[in-house]
Amino acid sequence: MATVVTGIGCSHGPQLKTPPAGWSERAVADRRNQALEFRGRTYDFASLRNLREDFSAHCTHEAMQANWDASQAAMDRLGRHVAAADVDVLLIISSDHKEVYGDELLPAFAIYWGEDVAHVPFTEAQLAAMAPGLAEAALGDVPARTVVRECHPELARHLIEQAGGFGFDVAASRSLPPGRYANHGIPHGWGFIYQRILGETCRIPFVPVFINTFYDPNPPTAARSYQFGRALGRALKAFPQDLRVGVIASGGLSHFVIDEELDRRFLAALESGDEQYLTSIDPALLRSGTSELRSWIAVAAIAAETGMTAASTDYRPCYRTEAGTGNAMGFVTWSRTDG
């Protein structure tokens, strides 16, 4: 039978892929943004700055460099954690950002069960069309040349079929749509994990699991995300092949307005296995990039279902403006309680 042996959660925001000297480019976008989401309300930059304390002290070169250095070290540790577990397959849960699925069909939950998937670099034209500060970061999500990454269709199909019995009619995708970049490729939430955490040459097969964290009208609630994770955990335990499985949450934490209170409470709940908190987070808090906490909630539920607990947590709120915009970075490992 399959055994879930390890897990990690890792942010994938642009500031993990762009050294601090380039963070000011995203700050320019923040200052122009008329729809900054924070605690259930929307603000322009000036209103947000007036609402909150002054975060200028967190935006010095020294402070940003310290956060960059600590985040890079934390990601190195995540990579070593996965490598030490010697897994046969990975289940990677992330959000799509409408890179693959769009308004013609936007599944709340989807599982890809094809044989493999392309990991495709961006074209020069695609990079040139990106918002300020994003092109350099996007290069950290993709290889220099297309890599075909092996998947695990048997396990993926099993998860789809089993999920139905646990109350989840999961969308099943055997071929990814062409998507925003017209290349049928895997999006950045998954690509970043291979490029930065596992290594571009990693050949561990994976099952891509999609949660629509961002987009109305159908992002799942925190409770539904947790129940989905429980269903996946039960299905993984029932898979008849003798596999060592790793699970990964990609995305988060709070962004693009950092909310340290929310992040620290969330990480504490992961550490303690606080199901009541994880299933009761107000949807109004799960907006914009912070919505990606849903992927972490699902992985936390898999961990609870399969006998894992949080082994380590690291947190770096990477501010880039005095109004508190930026990306809070989280890095968590889960290990089995039975060794």
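All values below were derived from every heavy atom in this structure, side-chain atoms included, with hydrogens, water molecules and symmetry-related copies excluded.
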> Do R294 and F228 meet the cation-pi criteria used here (NZ or CZ under 6.0 Å from the six-membered ring centre, within 45° of the axis)?
Replying inline: no
> Between R320 and W23, is NZ or CZ placed under 6.0 angstrom from the six-membered ring centre and within 45° of the ring axis?
Replying inline: no
>> Using salt bridge (Lys or Arg N to Asp or Glu O under 4.0 Å), reason through R316 and D263 one step at a time and then give a plain yes or no.
In response: CA-CA 10 Å; R316 290 288 160 174; D263 293 329; over 6 Å; no
> Given the rule in the ring pair (Phe, Tyr, Trp, His ring centres under 6.0 Å) test, do F109 and F168 qualify, once you have shown the distances and angles that lead to the verdict?
Replying inline: CA-CA 8 Å; F109 302 105; F168 285 88; 5.5 Å; yes
>> Apply side chain to side chain contact (heavy atoms under 4.5 Å, CB included) to residues D103 and K98 and explain how you reach the verdict.
In response: CA-CA 8 Å; D103 289 333; K98 290 187 177 178; 2.7 Å; yes
> For the rings on W190 and Y112, is their centre-to-centre separation under 6.0 Å?
Replying inline: no
> Taking the six-membered ring for Trp, are Y194 and F206 ring centroids under 6.0 Å apart?
Replying inline: yes
>> Assess whether a salt bridge exists between R230 and E305, defined as any Lys/Arg side-chain N lying under 4.0 Å from an Asp/Glu carboxylate O.
In response: yes
>> Looking at D54 and R49, is there a salt bridge between them, counting it only when a charged N and a carboxylate O are closer than 4.0 Å?
In response: no
> Could you go step by step and tell me if L232 and F166 meet the side chain to side chain contact (heavy atoms under 4.5 Å, CB included) rule?
Replying inline: CA-CA 9 Å; L232 291 177; F166 299 132; over 6 Å; no
Say whether, by atom type as modelled, one donor and one acceptor occur between the side chain of [X] and the main chain of [Y] under 3.5 angstrom.
X    : Y    : value
H184 : A182 : no
Q195 : V142 : yes
S47  : Y43  : no
N50  : A46  : yes
H152 : L155 : yes

> Could you go step by step and tell me if L90 and I193 meet the side chain to side chain contact (heavy atoms under 4.5 Å, CB included) rule?
Replying inline: CA-CA 11 Å; L90 291 165; I193 295 298; 5.7 Å; no
>> With a 6.0 Å cut-off (strictly less than), is the heavy-atom count around CZ of R32, excluding the residue itself, greater than 12?
In response: no
>> Taking CZ in R31 as the centre, count heavy atoms belonging to other residues, nucleotides or ligands within less than 6.0 Å. Is the count above 12?
In response: yes
>> Just verifying a value: how many Å separate E99 CD and N183 CG, rounded to the nearest 0.5 Å?
In response: 9.5 Å
